[in-house]
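Note that the structure is a prediction, hence the values are computed from the model and not measured. Heavy atoms only: backbone and side chains are in, while hydrogens, waters and symmetry mates are out.
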Amino acid sequence: MVLSIHSFSYRRSVPSGIDMVFDCRFLKNPYWVPKLRGLTGQNAEVAEYLSKDVNWSSFLQKTLDLIMFLLPQYRDAGIAYFQLGFGCSGGQHRSVFVAETIASEVRKFGWELSVDHRELLPR
């Protein structure tokens, strides 16, 4: 099964083809911290900020548990492509951080996948 993980901004709507969407807007928003505003969820400072959110650990564990339960079920059902989406307001901080973290964790279980951050400009 080809697995891909996407981050996106709800302002531009959910990308077409996404099979399962997780809304990350409940996490505290780094955009409102001036020193973090120009960074992305790929920066250590943003990751540290979001990791301290009171809801982060529970969200990560529950989301990972659900994903790791479902992925083998979809694969065994013959699903050839599966796309997970993580959205937030601007698609720069929270959704990027969550997508990267989930991707890293899912890879530890032996899954190959790609990650796409729709709102991040190529650097």
Side-chain angles (χ1 to χ4, degrees):
M1 182 169 70
V2 177
L3 176 60
S4 58
I5 296 179
H6 303 262
S7 71
F8 64 91
S9 166
Y10 277 103
R11 284 187 215 141
R12 292 187 53 211
S13 76
V14 177
S16 64
I18 298 292
D19 297 296
M20 183 179 295
V21 174
F22 292 88
D23 186 340
C24 304
R25 292 176 290 184
F26 69 93
L27 295 168
K28 58 187 179 178
N29 193 345
Y31 178 85
W32 300 114
V33 178
K35 68 180 184 175
L36 301 178
R37 183 173 290 186
L39 301 177
T40 74
Q42 294 174 318
N43 294 100
E45 299 91 340
V46 173
E48 181 180 346
Y49 176 82
L50 287 168
S51 294
K52 292 178 181 176
D53 186 296
V54 66
N55 294 304
W56 169 243
S57 291
S58 294
F59 176 68
L60 174 62
Q61 192 57 56
K62 291 173 186 296
T63 302
L64 192 58
D65 285 347
L66 178 62
I67 290 168
M68 294 316 304
F69 169 75
L70 290 174
L71 288 178
Q73 309 307 318
Y74 292 131
R75 181 196 56 216
D76 294 348
I79 303 298
Y81 299 92
F82 195 79
Q83 297 185 66
L84 285 167
F86 295 92
C88 66
S89 301
Q92 301 289 314
H93 300 102
R94 296 169 290 182
S95 62
V96 171
F97 168 71
V98 174
E100 289 285 346
T101 303
I102 292 291
S104 176
E105 293 297 317
V106 169
R107 285 182 178 119
K108 291 177 185 176
F109 289 91
W111 289 87
E112 291 184 28
L113 57 92
S114 64
V115 179
D116 176 64
H117 302 297
R118 183 178 73 181
E119 316 312 339
L120 296 187
L121 299 174
R123 298 183 187 254

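Across all non-hydrogen atoms, the minimal contact from A103 to L113 is CB-CD1, 3.6 Å. Taking all atoms of both residues into account, the shortest heavy-atom contact from F97 to S51 is CZ-OG, 3.5 Å. Closest non-hydrogen pair, A99 versus H117, comes out as CB-CE1, 4.0 Å. Nearest heavy atoms, H93 versus P30: CB-CG, 3.7 Å.
Hydrophobic clustering keeps V2 apart from Y74 (ILVMFWY residues linked when any side-chain heavy atoms are closer than 4.5 Å, directly or through intermediates). By the rule that hydrophobic residues join a cluster once side-chain heavy atoms approach within less than 4.5 Å of another member, F59 and F69 end up as members of one cluster. Both V46 and V33 belong to a common hydrophobic cluster when Ile, Leu, Val, Met, Phe, Trp and Tyr are linked at side-chain heavy-atom distances under 4.5 angstrom. Under the 4.5 Å side-chain heavy-atom criterion for grouping Ile, Leu, Val, Met, Phe, Trp and Tyr, I5 is connected to F109 within one hydrophobic cluster.
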Exercise for the section: Determine, step by step, whether L3 and E112 satisfy the side-chain contact (heavy atoms from CB on, under 4.5 Å) criterion, reporting the C-alpha distance in whole Å, the side-chain angles of both residues, the deciding distance to 0.1 Å, and the verdict. Expected result: CA-CA 7 Å; L3 176 60; E112 291 184 28; over 6 Å; no
Handout entry: side-chain contact (heavy atoms from CB on, under 4.5 Å) between I102 and F22, intermediate numbers included
Key = CA-CA 11 Å; I102 292 291; F22 292 88; over 6 Å; no
Problem - Intermediate values then yes/no, side-chain contact (heavy atoms from CB on, under 4.5 Å), L39 and Y49 - result: CA-CA 12 Å; L39 301 177; Y49 176 82; over 6 Å; no
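One finds the CG atom of L64 at 6.0 Å from the CD atom of Q61 (value rounded to the nearest 0.5 Å). Between atom CD of residue Q73 and atom CD1 of residue I79 there is a gap of 11.5 Å, rounded to the nearest 0.5 Å. Remark: N29 CG to D53 CG distance equals 10.5 Å, nearest 0.5 Å.
Two rings, from W111 and F82, have their centers 6.0 Å or more apart.
Counting only distance, with no hydrogens or angles, the side chain of R37 and the backbone of Y31 share a donor-acceptor pair below 3.5 Å. Under a 3.5 Å cut-off, the side chain of R94 and the backbone N or O of L27 do form a donor-acceptor pair. A side-chain donor-acceptor contact under 3.5 Å links N43 to the backbone of T40.
Tested against F86 for a side chain to side chain contact (heavy atoms under 4.5 Å, CB included), the candidates V96, D23, T63 yield a single pass: T63.
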Quick one: side chains of residues 9-21, donor-acceptor pairs under 3.5 Å with protein atoms, not counting sequence neighbours, listed by atom name and distance.
{"from": "S9", "atom 1": "OG", "to": "R11", "atom 2": "N", "distance (Å)": "3.1"}
{"from": "S9", "atom 1": "OG", "to": "S89", "atom 2": "O", "distance (Å)": "2.6"}
{"from": "R11", "atom 1": "NE", "to": "S89", "atom 2": "O", "distance (Å)": "3.4"}
{"from": "R12", "atom 1": "NH1", "to": "E119", "atom 2": "OE1", "distance (Å)": "2.6"}
{"from": "D19", "atom 1": "OD2", "to": "Q83", "atom 2": "N", "distance (Å)": "2.7"}

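Residues L84 and H6 have side chains not in contact (no heavy-atom distance under 4.5 Å, counting atoms from C-beta outward).
Within 6.0 Å of atom CZ in F26, more than 12 heavy atoms from other residues, nucleotides or ligands are found, so the atom counts as buried in its surroundings.
Here E105 pairs with K108 under the salt bridge (charged side-chain N to carboxylate O under 4.0 Å, His left out) rule; sequence neighbours left out.
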